[in-house]
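Everything below concerns the one structure shown next.
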Amino acid sequence: MGRYVIRRLLQMIPVFIGSTFLIFFMVYALGDPVAALFGDKAPDPATAARIRKELYLDEPLWKQYLHYMGQILTGDFGTAFNGQKVTELMASAFPVTLRLTLVALLFEVVVGIVLGVLSGLRRGRSVDTTVLLLTLIVVSIPTFVSGYVLQFLIGVKWGAVTPAVSPYAPFDELILPGVVLALTSLAYVTRLTRTTIAENSRADYIRTAVAKGLPRHRVVTRHLLRNSLIPVVTFIGTDVGALMGGAIVTERIFNIHGVGYQLYQGILRQNSPTVVGFVTILVIVFLLANLLVDLLYAVLDPRIRYA
Amino acid sequence: MPEKTLPHETTVPEAVSTAMKSGAGKPRSLGQDAWRELRGSWLFWSSGVLLVLFIVMAAFPTLFTGVDPRQADLRGHYLAPPNWSHFFEADWFGYNGQGQSVYARTVHGARASIIVGVCVTLAVTVIGGLVGMLAGYFGGWVDALLSRLTDIFFGIPLLLGALTLLQAFTHRTAWTVSLGLATFGWMQIARVMRGAVITQKQADFVTAARALGAGTGRILFRHILPNVIGPVIVVATIALGGYISTEATLSYLGIGLQDPVVSWGVDISAAQSQLRDAPHVLLVPASFLSLTVLAFILLGDAVRDALDPKLR
């Protein structure tokens, strides 16, 4: 187990390098950060050349990347084009998005698995049809439409919650945005759970468990659910990164100044140090979540062993 | 031992022999079985009809309306409300903030969304399916290499990756948006496929096929693939809806399709600020978008149920 974790941590290094290089390539090689600094005006060649030299942008891409990574290892994520340190932006943005993601994850895991089990066990009955219909409706409506409509109905018209989130973004203001953020994933979790539960509930080991007289809740929780959770856990693990990055839309609708907001501003203005820095942290979060998922496999299914 | 020398016909149970006589002499393939199942499913037919309708709308929008979607009459029609009884006419769904017919724009907007959704899903299923199958089946260094490649792309969320990639294009069409979405969309299928193949490849029927001398290609495509395609179809069809939504989301964020292109995403995002005064401008294209997504999901569901031998 310990050796497996160490091996996986070592395997993460090439993935980390690959992902960060991919985003580095898209930002610095496909886009032109120096031209973006000048906005719509044509940059003065001499000034542009000077800035390029200062920002280390006159070197080949791989050298720029090495230089950047060297800086990151010393904790220096560079300076955004407006003069603010990227680490300062991170310190204000990440706690907010972390809270938002936690709300969304909690909602999606609890509600999704419960609904999935309920409908999977009653395949074809009215509960199943209702839940399926609801997930279909939820999946069919894009987040920015459901976000605006829910914000308008619950926040503005009925006044049940504040429609926009204050700068400190406490948990209670993040409930509606968290639900909006989680909606699509919730439908995925419900449907995945339903599919695997419905398939596994016909398995021989379930018949055995029922035949030997185990109480129903024990059959469902210990035998059926545990064997059905692997695809669900896989999805949730990969969803953590998507939720944090996908908060772009939700954060824009509810005016939350988190990671999504900073990234969106960074991408629009081609503020390269911000984009690369934030994505680097997101990649690390994502990698650790993935490792956790793989370790959970062995917990859920003892046939999977990590030597 | 006289029993063993009995004539062949008497040892065949009656049911089997009648089945053989009734023309089912050749065993049916999985595809034929699935088709028989699908023919009786109303979900399959209703979603199919809906999809054909949208696809015809995307291919020949002029069959549905003669009105130019870009023709604007700001003074006469600014945010005019819908006339629900004027079927198939320019003012059926009212007018938008530019004085353009919402009905005409919605009909013409089908093309971009459907092209993007279908292109991305095809690309993603082929790439992701192959990568996942090879990684899951061969394991070892192939798995290590392909899984790390998957992880590299997976490290960057779909919307974020597509935004960054598309930001580099100053002129964006349905093809560039598809490229952006497919580049960061294939990993999910690859992972689902890999996981499913890993759990199946130890199964007895795979060992049996191998013992009977089946080659790798045959085991992969004839024995493992039919058993793992179910979850992949579920994921791909829900994802197709996701891609159409993401295309609209990119337009909403201002980095998707651009204004001269008529698309549901462009129209929904333009209508956002008028949600309070003229909800129809947003709700009509949003409903069409959602219906398309819904139809694809229902179709995928019906096909999934039909393909899964365990559910019979």
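We name chains A, B, ... by the order of the sequence lines, and we start the count at 1 in each one.
Atom CZ of residue B:F154 and atom CG of residue A:L287 lie 12.0 Å apart, to the nearest 0.5 angstrom. We find the CG-CG distance between A:L263 and B:L160 to be 5.5 Å, quoted to the nearest 0.5 Å. Put simply, CG on B:L294 and CD1 on A:I137 are 7.5 Å apart, with the number rounded to the nearest 0.5 Å. We find the CG-CD1 distance between A:L22 and B:I152 to be 8.0 Å, quoted to the nearest 0.5 Å. Considering OG of A:S140 and CD1 of B:I244, their distance stands at 10.0 Å, rounded to 0.5 Å. For the atom pair CE of A:M12 and CZ of B:R148, the computed distance is 9.0 Å after rounding to the nearest 0.5 Å.
The parts of A:V15 that come within reach of chain B are both its backbone and its side chain, each placing non-hydrogen atoms under 4.5 angstrom from that chain. For chain A, the nearby part of B:A286 is the side chain; its heavy atoms alone come within less than 4.5 Å. Both the backbone and the side chain of A:Y148 come within less than 4.5 Å of a heavy atom in chain B. Of the atoms belonging to B:L282, it is side-chain heavy atoms, and not backbone ones, that fall under 4.5 Å from chain A. When heavy atoms are compared at a cutoff of 4.5 Å, B:I255 approaches chain A solely by way of its side chain, counted from C-beta outward. With a threshold of 4.5 angstrom between heavy atoms, B:L158 does not approach chain A through any atom at all. Using a 4.5 Å cut-off between heavy atoms, A:I17 does not touch chain B at all. With a 4.5 Å cut-off on non-hydrogen atoms, B:Q188 touches chain A through its side chain but not through its backbone. Heavy atoms closer than 4.5 Å to chain B are found in the side chain of A:Y264, but not in its backbone.
Under the side-chain hydrogen bond (donor to acceptor under 3.5 Å, both in side chains) criterion, A:T143 pairs with no residue at all, not counting sequence neighbours. For B:T173, the side chain to side chain contact (heavy atoms under 4.5 Å, CB included) partners are B:H171, B:W175, B:T176, not counting sequence neighbours.
The cationic group of B:R191 does not satisfy the cation-pi geometry with A:F235, failing either the under 6.0 Å distance to the six-membered ring centre or the 45° limit from the ring axis.
In this structure, A:F144 and B:I268 have side chains that are in contact, with non-hydrogen atoms separated by less than 4.5 Å. Considering only heavy atoms from C-beta on, A:R252 comes within 4.5 Å of B:L253 through its side chain.
Of the residues B:V293, B:T246, B:L289, the one that meets the side-chain contact (heavy atoms from CB on, under 4.5 Å) test with A:P142 is B:L289.
Minimum interatomic distance between A:V249 and B:Y252 (heavy atoms only, all atoms of both residues): CG1-CE2, 4.0 Å.
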